[in-house]
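Side-chain atoms are counted along with the backbone in the values below, which use heavy atoms only and exclude waters and symmetry mates. In the text below, chain A, chain B and the rest are named by the order of the sequence lines, each starting its count at 1.
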Amino acid sequence: MSQRELPPVFSSAEIEASLYEKWVDAGYFTPEANSDKVPFSIVLPPPNVTGVLHIGTALDHTIQDILIRMKRMKGFNVLWLPGTDHAGIATQNVVEKQLAKEGLSRHDLGREEFVKRVWRWKEESSGAILKQMRRFGDSVDWTRERFTMDEGLSNAVLTIFKRLYDAGLIYRAERIINWCPRCMTAISDIEVDHSEDEGELLYIRYGDGKDSIVVATTRVETMLGDTAVAVHPDDARYADMIGKTITLPLANRQIPIIADEHVDPEFGTGAVKVTPAHDPNDFEIGQRHSLQNIVMLNPEAVVTGTGTEFDGLDRFEARMAIVEVLRAQGRIVAEKRPYIHSVGHCQRCDTTVEPLLSKQWFVKVAPLAKAAADAVRNGKVKIEPESLAPRYFEWVDNMHDWCISRQLWWGHRIPVWYGPNGEIFVTGPNEVAPAGYFQDPDVLDTWFSSALWPFSTLGWPVQTDDLKKFYPTSVLVTGYDILFFWVVRMMLFGLFAMDGVPPFRVIALHGLVRDKFGKKMSRSKGNAIDPLELMDIYGADAIRFTLARGANPGSDQALAEEWIAGSRNFGTKLWNATRFAMLNGATVSGALPDFESLNAIDRWILSRLNRTISEVGALLDSYEFARACEIIYHFAWDDLCDWYLELSKDAFASAMAEDSKRVLGHVLDQLLRLMHPVMPFITEALWTTLTGGESLVIAEWPKANPSHHDKDGEKLILQVQEIISEVRRFRNDQGIKTSQRIPGQFYAPAEFARYESAMRFVLRIDHPEEGIFVPSKTLMVGEFKIELDLRQSVDIVAEHSRLSKDLASAMRDRETAIVKLSNDGFMAKAPESVVVEIRERLTKTDMDIARINAQLEQLTSA
RNA sequence: GGGUGCUUAGCUCAGUGGUAGAGCGCCUCGUUUACACCGAGGAUGUCGGGGGUUCGAAACCCUCAGCGCCCACCA
């Protein structure tokens, strides 16, 4: 085989560009839907809607792609379902902002033109994100995301809507919903972010004289819509007022005083103003007492139709104006300011959300949520890590009905048509409403269609082969922050549409990326990391490995540039090691030599490799990416580079044995396969050069080889490592330069005699010249002994301090061992293996202490 | 208010019953057949406090303290 040589330095940018082209051209990333291989399907979260790769998105992709690449190497038929990014409000907002720059609003364009414009923007931005993903090594073909709004999905949306409607699970009702006056649409509960804001709590006197009552409020302006004052039925203070009416100031209406259990007598004055059209609680009170609903704000949150001087004022202007008037009238009896309370904000634009009475479409969630909870409770769906399951349950067990209509233009139109006499006609696929009907102008919540993803992308409602083969999907990978938005909803609809079969078997949740101090990243704080910029500096592999290495299931990771630099260093190390190995003849041609015939070091590295493969495989299968990376890292850097290659340098100097060349080639070959999912580019470049193989993407995943397990061998090398460290430490403490060669004698187990020269090489110890060897220092570990002739005297102070430290440590170990062994309880109850281990430890420390004492004595007498 | 997690080396975090770990940082030394994005060596911890269970606890239980996240209609 003709082996190419690796260049001494590598350019990550070049490798990334050329290899990705190679993979795409070769079609490695195209799922083979008709293959007989075991199906593995993975549902991916949406790429970022703004068309920019964020670090959080990068983490998603890292984890997905590790799984995808690994499963493919394991011989699975991998199908991925890239998540929808049809985030209604966000997308619409981006395009509206663009329009605003041109001095236009969506109304200037009209609905049809506006939607076209959004499409255009989406196509442009998805091109940008696709390019970024590819640089990153993502093996998903993100062009599939175009299905988001296409006919296939529309059919699925129509089908599920009609089925839910027919099952009585979709209804239209007048309710208090969260209204964003800027986005001009209803938003669902989870699209509201609550924050502790400064406000004011005002105590206002309604009515006059004896017939007055004081209420407390933070939203004064809503008093224009008040239709009652409520008190607790058992509140003695107000008992005689219940049932009477009172004059509402400013509006000068008579409103009743009612009794309702909801009122907390402890809060404020124990009397509450009731505004059924502008507060969810008040709405319910209003329902119970048949109160009138007075809507006093229009969709832009401007006071309207109250017949007062405040009409035409914005809600916040009105608030100030009303306070002023009330104060002038002497109706404000007390005020707390600032008053910190929880205020809802629109997640997308941060505008204060206004609870508004409005007619909207809802999904009746209770039966669906019950099924979703049961699927996890009875183990049909597994949440990884399990510790996040309570979060899921908390949500599905207490879910409110879901408001699904949005007053937007970008999204799936609600398939409901109204007749001239208020008839309702729901259109399924290929159905047309009767003439004269008009369609509901609203669109569906983003997550309504997104919830269909695991089966709509497979062709549902048609029973396609793909659907049969890949549903339920194997795994959903996403951050825990999206559990409620997307995951729960896929569960609800999946179970409903697919007759109780959940959309995925495993929900694998990862955490969020934070800054180096564990703080949330945000652009305003300036601690956000731009993955693209860092990719330019450190390479895509470094970003990927860093993210993988930090990805403990379900928990956040702190990310600093230093970590990425460390990963880059690791890649470089691997490059240099492979290059060095190849220069010295590492090869993959020919059969791997019989294990028993190999020398101790070769057996050791194979044994370590075997262990590494099985551990990494198990960890990746259980989504323990961080621990898998840790093991890979230490095998490659410590075992392979620091020990195997160092101990082999002596052999390299002459010529490495053929068997060892084959072993080294094998170890690298397997290691590169193992690392490919976490560092795809570097490993591909190295592996194809080393093996001449076509590509790691289609290479087989390494299999552990139990016959290479060699516990005794590993123990022996451990002793080699210890004695070498011991000599190095001695040299260091004595201030002997690394380059200075010392004469010395070796005593080693027979099996290891042939490695004397390797150890001499590493330690820079020469064979003594005949007749003039005067050992002035002896170092021992286990069966190994090394005598050194230092020629000049040993630095007594340094050596004394070194030995004393060793002695103290040995004494401590001995003490704890003795305490344990002389403890009757321990001897009676501890498992035999532990007792044996402690006994061995005691023997060893005894020996060490004797040896160190002898040396100390020798030192002082010298 | 409900749920949930965390507290281990200077920093960020692993470890979940048997002698306290990693990466980065720090100190000393170092151009040796790859690699200074490197090598060798070193220092640093009453594992948040207090109880308990156990022969044995960083780990299991209770409790206190601090921090965080999610959810929730408190005017």
Whole angstrom value for the distance that separates C1' of C70(B) from CZ of Phe393(A): 16 Å
Mind jotting down which residue pairs meet the side-chain hydrogen bond (donor to acceptor under 3.5 Å, both in side chains) criterion with at least one end in residues 552-562 of chain A? Sequence neighbours excluded, please. Tyr480(A)-Asp556(A), Arg514(A)-Asp556(A), Lys516(A)-Glu562(A), Tyr538(A)-Glu561(A)
Distance between the P atoms of G48(B) and A20(B), in whole angstroms? 15 Å
Those residues at least two apart in sequence (or on a different chain) that pass salt bridge (Lys or Arg N to Asp or Glu O under 4.0 Å) with Asp806(A) are Arg729(A)
For residues Phe580(A) and Phe652(A), establish whether the separation of their ring centroids is below 6.0 Å. yes
So, Arg841(A) and Glu837(A), do they make that salt bridge, N to O below 4.0 Å? yes
d(Glu284(A) CD, Leu291(A) CG) to nearest 0.5 Å is 13.0 Å
In whole Å, measure the gap between the C1' atoms of G52(B) and G17(B) for me. 16 Å
Please output the side-chain donor-acceptor pairs of residues 217-225 of chain A that fall under 3.5 Å, not counting sequence neighbours, one pair per line with the distance.
residue: Thr217(A); atom: OG1; partner: Arg219(A); partner atom: N; Å: 3.0
residue: Arg219(A); atom: NH1; partner: His278(A); partner atom: O; Å: 3.3
residue: Arg219(A); atom: NH2; partner: His278(A); partner atom: O; Å: 2.9
residue: Arg219(A); atom: NH2; partner: Glu354(A); partner atom: OE2; Å: 3.0
residue: Glu221(A); atom: OE1; partner: Arg319(A); partner atom: NE; Å: 2.8
residue: Glu221(A); atom: OE2; partner: Arg319(A); partner atom: NH2; Å: 3.0
residue: Thr222(A); atom: OG1; partner: Arg219(A); partner atom: O; Å: 2.8
residue: Thr222(A); atom: OG1; partner: Lys273(A); partner atom: NZ; Å: 2.6

When the P atoms of C27(B) and G1(B) are compared, how many Å lie between them, rounded to an integer? 49 Å
Integer angstrom distance from the P of A34(B) to that of C69(B): 50 Å
Tell me every residue that passes salt bridge (Lys or Arg N to Asp or Glu O under 4.0 Å) with Asp536(A), counting only those two or more places apart in sequence or in another chain. Arg135(A)
Return the polar atom pairs (N/O with N/O) between nucleotides 73-75 of chain B and the protein under 3.5 Å, or none.
residue: C73(B); atom: O2'; partner: Asn281(A); partner atom: ND2; Å: 2.7
residue: C73(B); atom: N1; partner: Asn281(A); partner atom: OD1; Å: 3.3
residue: C73(B); atom: O2; partner: Asn281(A); partner atom: OD1; Å: 2.3
residue: C73(B); atom: O2; partner: Asn281(A); partner atom: ND2; Å: 2.9
residue: A75(B); atom: O2'; partner: Ala216(A); partner atom: O; Å: 2.9
residue: A75(B); atom: N6; partner: Asp264(A); partner atom: O; Å: 2.6
residue: A75(B); atom: N6; partner: Phe267(A); partner atom: O; Å: 3.3
residue: A75(B); atom: N1; partner: Asp264(A); partner atom: N; Å: 3.3

Could you tell me how far apart Leu574(A) (CG) and C35(B) (C1') are, to the nearest whole angstrom? 11 Å
Side-chain ion pair, Arg802(A) and Glu799(A), N-O less than 4.0 Å: yes
Just call it for Asp481(A): base, sugar-phosphate, or nothing, with non-hydrogen atoms closer than 4.0 Å on any strand. nothing
Roughly how far apart, to the nearest Å, are U7(B) and U54(B) at atom P? 26 Å
P-based separation of C47(B) from A9(B) [nearest Å]: 10 Å
Please report, rounded to the nearest Å, how far the P atom of U19(B) is from the CG atom of Asp806(A). 20 Å
Roughly how many Å apart are U44(B) and A22(B), using the C1' atom of each and rounding to a whole number? 15 Å
In whole angstrom, give the distance that lies between atom NZ of Lys519(A) and atom C1' of G68(B). 9 Å
Check the side chains of Tyr633(A) and Asp638(A) for a donor-acceptor pair under 3.5 angstrom, ignoring hydrogens and angles. no
Taking salt bridge (Lys or Arg N to Asp or Glu O under 4.0 Å) as the test, write out the residues that go with Lys820(A), two or more places apart. none
Identify whether any heavy atom of Tyr538(A) sits under 4.0 Å from a base atom; if not, whether one sits that close to sugar-phosphate; answer base, sugar-phosphate or nothing. nothing
Taken in chain and number order and not counting sequence neighbours, the residues that satisfy side chain to side chain donor-acceptor pair (under 3.5 Å) with Ser648(A) are none
Tabulate protein N/O versus nucleotide N/O from nucleotides 27-32 of chain B, keeping only pairs under 3.5 Å, one per line.
residue: U32(B); atom: O2; partner: Arg764(A); partner atom: NH2; Å: 2.4

Provide a list of protein-nucleic acid N or O atom pairs under 3.5 angstrom, restricted to nucleotides 57-60 of chain B.
none

Decide whether Ser188(A) and Glu191(A) meet the rule of one side-chain donor and one side-chain acceptor closer than 3.5 Å. yes
Under 4.0 Å protein heavy-atom contacts per nucleotide of nucleotides 1-16 of chain B, with B for base, S for backbone only and - for none: -BSS-------BSS--
How would you label the contact of Pro831(A) with the nucleic acid (heavy atoms, under 4.0 Å): base, sugar-phosphate, or nothing? base
Mind running a 4.0 Å heavy-atom check of residues 721-729 of chain A against RNA chain B and sending the residues that fall below it, in number order? Ser725(A), Arg728(A), Arg729(A)
So what does Arg841(A) hit on the nucleic acid, given a heavy-atom distance under 4.0 Å: a base, only sugar-phosphate, or nothing? base
Scan side-chain atoms only and decide if His289(A) and Asp260(A) contain a donor-acceptor pair under the 3.5 Å cut-off. yes
Taking CH2 from Trp643(A) and P from A34(B), how many angstroms apart are they, rounded to a whole number? 17 Å
Return no unless some side-chain N or O of Lys520(A) is found under 4.0 Å from OP1 or OP2 of G68(B). no
With sequence neighbours excluded, tell me which residues meet salt bridge (Lys or Arg N to Asp or Glu O under 4.0 Å) with Arg814(A). Asp846(A)
Between CG of Asp813(A) and P of U19(B) the distance, given in whole Å, is 10 Å
If you measure from the P atom in U12(B) to the same atom in U53(B), how many Å do you get, rounded? 36 Å
